[in-house]
A.B. asks: 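Please see the structure below; I have some questions.
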There are 2 protein chains.
Amino acid sequence: MPTKKHAQFITAVQEAADQPLNQDVLLSLVGYNCRRSYLKIIPPFEKRLNKFDLRVVDFSVLSLLKANPNITQKRLSKAISVSPPNLANLLDRLEERGLILRQRNPLDKRSQTLLLTPEGMRMCAKAETTAIDLETEATAMLSAPEREQLLRLLQKVFLPADDAEQAG
Amino acid sequence: MPTKKHAQFITAVQEAADQPLNQDVLLSLVGYNCRRSYLKIIPPFEKRLNKFDLRVVDFSVLSLLKANPNITQKRLSKAISVSPPNLANLLDRLEERGLILRQRNPLDKRSQTLLLTPEGMRMCAKAETTAIDLETEATAMLSAPEREQLLRLLQKVFLPADDAEQAG
DNA sequence: TATTGTTATACTCTATAACTATA
DNA sequence: TATAGTTATAGAGTATAACAATA
């Protein structure tokens, strides 16, 4: 039915196809841009971590335990925003693989403290090297000052004001 | 068993509990910081969108269709990184609610072009207002130039070099 | 009574394979 | 033969409720 309306529709479709995508509104939102950058960086990182049979969240746990031996599951849970049930499961697997140790907290027997095993330390070191390598590649389009600035601004968004001043 | 080793363990646990969490390695990684900022911003946004029965991804679709009427599902799928099967499902629900229209592409009958209905336009306008309001609150710790700088640096990470120059 | 951690389970999100129709 | 979109389904990730042990 070659009506006038139909002809207008064809023109509109043709025009839409010819134009570059306009995403001005979304690109003005920090949340959207964080997500896009995250999705650009993380998949290749996941791919490399898979060689160690680690997921990104496993890496976060190992890295935090390396820097904070003997912290409790409670603190770890809060730090990485993983709920206690899901963290229990995650730690089960790391423990079965001999990467971490769970010990009853002698100061409060309800809780458990966490520690990397020697093998966990080695695994963490390898994973951290991988992370830093990939980081360098993924942000190669940024100058060193730009990269520092980006970290500073992101941390200003999510860290409490006090911490943000201390950090990096 | 109050052995020497046990006493050392107690001391170590006490020390770990007293110290602030050290996350220097993670905080040096852009990907980690993007995720943390994203997780700070998005949950309150989700909460507000829920009042319109929208998820964040629904909002992205509405906003993109408002700015790009008559684009195909294929282009939309790529733009928001949602796989075709999952997008089909998402669009089904928006179409059932009368927010969007799917039309056979007259220039290639394999594809479908997308359009907001008048009600979809109204819903999108409300959601965009919500997004911008929340954005202002969520990034209140940044000065206007800092906010612009943050957007610029994030886009430099995920946009192709050409686009990054144009945007902003 | 409140807290730490666990188990079991449900829900959402994402990914994959096979199919239809158009080109 | 290749592409756009759909259906069905599987898998991963996340959230919730009920419970045991300890405080």
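Throughout, a chain's letter reflects where its sequence line sits, starting with A, and its residues are numbered from 1.
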A.B. asks: Determine, step by step, whether A:Leu114 and A:Asn70 satisfy the side-chain contact (heavy atoms from CB on, under 4.5 Å) criterion, reporting the C-alpha distance in whole Å, the side-chain angles of both residues, the deciding distance to 0.1 Å, and the verdict.
C.D. replies: CA-CA 5 Å; A:Leu114 302 167; A:Asn70 295 306; over 6 Å; no
A.B. asks: Whole angstrom is fine here: how far is it from CG in A:Leu90 over to C1' in C:dT6?
C.D. replies: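 About 14 Å, once rounded to whole Å.
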A.B. asks: Nearest 0.5 Å, please: how far is CD1 in B:Ile100 from CZ in B:Arg102?
C.D. replies: 5.5 Å
A.B. asks: NA contact type, B:Asn89, heavy-atom cut-off 4.0 Å: base, sugar-phosphate, or nothing?
C.D. replies: nothing
A.B. asks: Would you jot down, in residue-number order, the residues of residues 99-116 of chain B having a non-hydrogen atom under 4.0 Å from DNA chain D?
C.D. replies: B:Arg102, B:Arg110, B:Ser111, B:Gln112
A.B. asks: One character per nucleotide, please: for nucleotides 12-20 of chain D, 5' to 3', B when the base has a protein heavy atom closer than 4.0 Å, S when only the sugar-phosphate does, - otherwise.
C.D. replies: -SBBBB---
A.B. asks: Take atom CD1 of A:Ile42 and atom C1' of C:dT14, then tell me their distance rounded to the nearest Å.
C.D. replies: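 Going from CD1 in A:Ile42 over to C1' in C:dT14 covers 16 Å.
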A.B. asks: Taking NZ from B:Lys74 and C1' from C:dA23, how many angstroms apart are they, rounded to a whole number?
C.D. replies: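 Result: 14 Å.
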A.B. asks: Where is the tightest heavy-atom contact between B:Leu154 and B:Cys34, given as atom of each residue plus distance?
C.D. replies: CD2-SG, 3.9 Å
A.B. asks: Apply side-chain contact (heavy atoms from CB on, under 4.5 Å) to the pair B:Thr130 and B:Phe52, showing each step before the final yes or no.
C.D. replies: CA-CA 10 Å; B:Thr130 299; B:Phe52 306 128; 3.3 Å; yes
A.B. asks: Check whether any side-chain heavy atom of B:Glu46 lies under 4.5 Å from a side-chain heavy atom of B:Arg55, and answer yes or no.
C.D. replies: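 Result no, sub-4.5 Å side-chain heavy-atom pair not found.
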A.B. asks: For B:Ile71 and D:dG5, give me the distance from atom CD1 to atom P, rounded to whole Å.
C.D. replies: 10 Å
A.B. asks: Could you check how far CZ of B:Arg75 sits from P of D:dA4, rounded to whole Å?
C.D. replies: 12 Å
A.B. asks: What pairs with B:Phe45 under ring pair (Phe, Tyr, Trp, His ring centres under 6.0 Å), at least two apart in sequence or on another chain?
C.D. replies: B:Phe59
A.B. asks: C:dC13 C1' sits how many Å from B:Leu87 CG, rounded?
C.D. replies: 14 Å
A.B. asks: What are the two closest non-hydrogen atoms of A:Gly31 and B:Glu135, and how far apart are they?
C.D. replies: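 Here A:Gly31 and B:Glu135 meet closest at N-OE1, 4.0 Å.
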A.B. asks: I'd like to check A:Tyr32 versus A:Leu27 (side-chain heavy atoms, cut-off strictly below 4.5 Å). Are they in contact?
C.D. replies: yes
A.B. asks: Quick one, B:Asn33 and A:Val157 - any side-chain contact, counting heavy atoms below 4.5 Å?
C.D. replies: no
A.B. asks: Could you check how far CG of A:Asp92 sits from P of C:dA8, rounded to whole Å?
C.D. replies: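 Nearest whole value for this atom pair: 11 Å.
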